[in-house]
Amino acid sequence: MRSEGRTVDAPPEAPSEFVEEKTLGWGFWLAVGWIVTVVGAAALAPYLPLKDPQENFLIQGERPPYSPSLEHFFGTDQDARDMFSRTIYGARVSLVVGFSAIAFGLLVGGSLGMMAGFLKGWFDRVVSFLFLVLLSFPALVLAILITSLLSRGLQTISMTIGILSIAPVGRLARAATLVYAERDFVMAARTIGAKNTRILLRELLPNVVIPMGAIALLGVAIVIVVEGALAFLGLSVEKGSTWGKLILNGTGTRVLESAPWVAFAPICALFLTVMALNYAGDRLRDYFDVKELSL
Amino acid sequence: MTDAPLLNVSNYSVGFKTERGLARAVDGVSFTIGAGETLGIVGESGSGKSVLNRSIMGLIASSRQIETGSVLFDGSEMVNQDRQNFWGNRIGMIFQDPMTSLNPVMKVGKQVAEPLRQHLGMSKRQAIERTIELFTNVGIPSPAQRTKQYPHELSGGMRQRVMIAIALAAEPEFLIADEPTTALDVTVQKYILDLLNRLQAEHGMAMTLITHDLGIARGRTDQVLVMYGGRVMEHAPTEELFTHTRHPYTEALLASIPRLDHKKHARLTPIPGAPPNIVEPPPGCRFSPRCKYAQARCVQSSPTVDGAEHRYACFFPVGTDAGAEALASNRAAGETATGLKMSHFEVDA
Amino acid sequence: MKYWTQRLTMVLALMLAVSMLTFASMNVLGDPLFNILGPISGDRKTPENLVKIEAAEKQYYLDKPLPERYVRWLGDFVTGDMGVRFAATGQPPVTELVKERLPRSLWLVFMAQVLALAIAVPWGVWSASRSNSLANKASTVAAFGFVSVPNFALAVILYYIFALKLGLFPLRYDASASFLTRKTQLLLPALTLALPGAAVYQRLLRTDLITTLQEDFILTARAKGVPRRQILFRHALRPSLFSVVTIFGVNAGGMIGGALVVETFFGIPGAGTAIVEAILREDFPVVLALVMIIATGFVVLNFVVDILYSILDPRVRS
């Protein structure tokens with residue numbers, strides 16, 4: 001009787017007895033819908049009835065940029081190029097960089113982190129220190145450092161940003177592995193004499209992949225932003241246009257004042273996509289109870 | 001009792017809107033407390049005793065809460081009114097767990113000084129001096145140093161003394177002590193209770209002492225209110241309640257606490273079952289599912305709280321012929337009207 | 001005490017690793033000689049060029065092995081000599097450049113953090129004290145929007161609204177203006193950095209405050225008659241700041257990165273623009289010095305956050 005429960009005596013201010021069933025919510029599906037639309041449009045851009053993003057649609061007697069119209073949904077830029085199709089084509093490079101960079105980060109960071117969490121000992125210490133070193137650079141500083149030393153092709157840019165994601169992804173993978181390595185099913189596999197590689201691939205990987213997947217969406221969002229920032233500094237891919245380069249193109253004071261749509265069309269596309277990725281990632285993370293990610 | 005009681009609660013009910021319906025945490029409670037008097041409120045967890053006191057004070061900030069009835073404090077109606085002006089100023093409160101009831105990141109001296117400055121308009125300096133006096137008064141050794149310490153640096157008993165100092169800082173006329181000793185070591189319990197009684201006498205304060213332990217109520221209160229499932233089961237002057245227990249629930253509570261005059265190795269009788277669901281309470285007496293006197297009538301209708309000095313809500317009161325007959329018939333049947341096996345109660349026989 | 005010694009050792013080890021990595025990658029992947037002398041660096045056949053090359057090699061210790069150069073550089077760096085610039089063949093020395101550029105960036109990030117907290121704390125307290133209202137849902141959406149908007153995009157948006165359309169701020173940074181004017185010129189760039197940070201802080205603070213407000217000691221504070229405002233700011237705020245403090249260091253890193261973009265966009269001659277210029281000109285001593293300073297600041301800041309933590313929570317201290 002001494003242990004009078006506070007929970008029972010406390011007034012029912014919050015209906016804690018009704019644990020809501022976890023759902024992803026309609027917002028999640030809206031976000032996913034947007035992501036699918038953008039990815040689809042970007043992938044199929046050459047086959048869609050879009051204007052050529054490089055063509056100059058000059059109108060006799062009028063100086064570009066032209067404001068949005070039925071002809072040009074998002075208007076045109078200073079060279080009379082159609083902003084709508086440029087924005088969609090711009091998504092191609094941004095998304096390729098985004099997804100390939102995070103794939104690189106997942107592959108390298110994920111496997112390093114998993115091995116560190118599984119093998120422990122000196123390997124863990126070395127890898128953890130390496131992650132800390134990478135995290136000691138503010139992300140963007142590290143990015144421009146690498147891009148300045150290497151060429152600025154699509155692959156290098158993707159890889160550069162991929163390197164940035166190694167440490168956060170790796171730390172997450174390590175933490176998840178440490179948790180799962182203590183679980184019964186791993187112990188069971190060990191006692192029946194399973195080899196390390198088998199345990200890592202068959203028992204641990206499937207469990208670590210789920211939280212990593214949730215993180216990947218957030219990662220893609222961060223990567224797209226980093227790429228945009230690099231482009232903004234004139235350090236992104238030299239060929240082809242990305243959202244960042246499109247925005248930069250529209251930010252000269254004169255253009256911005258007279259034709260804000262040149263900058264704001266890609267800004268809106270970028271913002272909505274990043275927000276959708278963030279939201280979807282956030283919901284997934286809550287859904288699977290994953291903690292800790294910062295870049 | 002004086003003609004104008006300090007606190008007059010009549011037919012007071014508190015409900016909470018939930019998804020499953022209205023939870024009647026407090027149901028038609030009435031009592032009065034005169035100046036300088038002590039009321040003991042006794043009941044198990046979930047009996048509604050804490051909700052009762054917190055709602056009277058208006059401390060429950062929930063839009064789901066519904067209050068009905070009347071609570072007059074010194075003549076002014078409190079129900080559905082903003083009671084903020086009374087907090088700390090005219091009514092003080094002490095909570096159960098001194099571990100969590102003090103702000104962990106604020107020096108304890110400052111926590112006591114706060115109501116002093118708030119209600120008595122003291123300067124910082126005056127408040128510090130008064131805090132040291134209060135600490136001395138509640139028996140905290142080397143009070144000046146203690147004021148500069150954080151709660152985690154003090155023992156549970158010390159912390160509860162700090163809580164008492166906080167509650168008494170602005171010299172309220174009425175003190176609500178909500179299980180003030182439940183979380184403390186037995187050796188400290190008596191000290192804290194004696195302290196409360198002494199301070200109460202010194203200040204002429206009225207007090208409600210909420211507890212689940214009838215033994216604490218005896219000797220320290222003027223009257224006792226026994227609650228179960230949000231309702232009053234029995235209400236009487238303290239000595240009357242202990243000498244002429246009428247309600248089976250009170251009897252069961254008494255049987256479940258150890259007493260010094262019990263013979264060695266005497267079995268305690270636990271109360272079978274759990275407190276009732278207050279969202280959809282069973283018809284009839286709320287205690288009937290756990291009562292060894294329960295008859296068919298107890299399940300069909302609910303007894304009202306009757307009587308003048310000694311009030312109780314039971315059709316078959318303990319110590320009356322009706323009660324004895326009910327018990328005898330249940331013994332003969334082997335079970336009560338609610339299907340409870342009589343063997344549960346016979347462990348002591 | 002042992003804990004702090006360990007932490008300090010870790011900080012030093014990290015700094016060494018960061019400097020080695022930066023130093024090595026620049027010298028291995030880049031070509032310092034080319035950056036100093038230009039095209040003639042590859043031409044050792046012409047005698048006059050060879051003389052120049054050898055002189056340069058001697059001056060910059062390029063004829064010495066990498067580890068020795070690193071140690072020399074490190075020795076100079078910790079004594080405050082960051083060497084000479086490649087691009088402007090030595091003039092002015094890197095230290096001078098850093099002295100001129102760095103304070104502006106520090107001011108920018110400092111102002112951004114102050115703004116972020118000044119926005120986030122009242123916002124977080126407000127939204128925690130009245131959850132569930134419609135205005136609160138709107139504020140949650142707004143916070144999410146600010147977290148998601150990249151700072152270069154935000155820079156464009158704020159510049160368009162406040163500088164171009166409303167004319168509240170000057171269009172360009174003027175380094176020759178008076179002290180106070182220069183600070184007001186930094187306001188819009190600082191706001192650009194601050195808004196996403198404020199949204200992050202607000203979200204954390206709100207969650208923690210809602211938890212704190214359900215604690216017993218809040219009930220005690222109410223029961224002793226402390227007014228609502230005072231409960232929020234004096235009792236609930238401090239124990240709810242831990243997550244904000246934890247993320248403070250990480251956020252500062254984000255703001256330093258953001259400063260590169262924001263300085264470039266608003267034309268502020270700070271350390272951020274200096275890095276970008278130096279990278280484009282492959283002026284490695286400048287890059288090296290600034291990267292080291294930023295990384296050191298970042299690591300030290302996170303160390304300070306650790307100390308701050310123990311000040312906030314007296315329980316950690318003992």
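Labels below follow one simple rule: chain letters A, B, ... track the order of the sequence lines, proteins then strands, and each chain is numbered from 1.
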Worksheet entry | Contacts with chain C made by residues 119-147 of chain B (heavy-atom distance under 4.5 Å), listed by residue number | B/His119
Worksheet entry | Structural part of B/Ile91 lying under 4.5 Å from a heavy atom of chain C | backbone
Practice prompt. Write out, in numerical order, the residues from residues 71-84 of chain B with a heavy atom short of 4.5 Å from a heavy atom in chain C.
Written response: B/Gln84
Discussion item. Do B/Gln118 and C/Val226 have side chains that approach each other closer than 4.5 Å (heavy atoms only, starting at C-beta)?
Written reply: no
Item to complete: First locate atom OG1 of C/Thr220, then atom CD1 of B/Ile94, and finally report the distance between them rounded to the nearest 0.5 Å.
Response: 10.5 Å
Item to complete: Would you please test C/Asp216 and B/Phe95 for side-chain contact (heavy atoms from CB on, under 4.5 Å) and show each step?
Response: CA-CA 8 Å; C/Asp216 284 351; B/Phe95 298 104; over 6 Å; no
Practice prompt. Give me the contact list for residues 158-172 of chain B versus chain C, heavy atoms only, anything under 4.5 Å, ordered by residue number.
Written response: B/Met163, B/Ile166
Item to complete: Compare all side-chain heavy atoms of C/Lys224 with those of B/Met93 and state whether any distance is below 4.5 angstrom.
Response: no
Practice prompt. Taking atom CE of C/Met15 as the centre, report whether more than 12 heavy atoms of other residues, nucleotides or ligands fall under 6.0 Å from it.
Written response: yes
Worksheet item: Do C/His235 and B/Gln111 have side-chain N/O donor and acceptor atoms under 3.5 Å apart?
Response: no
Please list, one pair per line, the donor and acceptor atoms closer than 3.5 Å that link side chains of residues 195-202 of chain C to other protein atoms, with sequence neighbours excluded.
{"residue": "C/Tyr201", "atom": "OH", "partner": "C/Gln113", "partner atom": "OE1", "Å": "2.7"}
{"residue": "C/Tyr201", "atom": "OH", "partner": "C/Asn251", "partner atom": "ND2", "Å": "3.4"}
{"residue": "C/Gln202", "atom": "NE2", "partner": "C/Ser127", "partner atom": "OG", "Å": "3.0"}

Practice prompt. Select, from C/Ala223, C/Pro227, C/Ala236, the one with the greatest count of heavy-atom pairs under 4.5 Å involving chain B.
Written response: C/Ala223
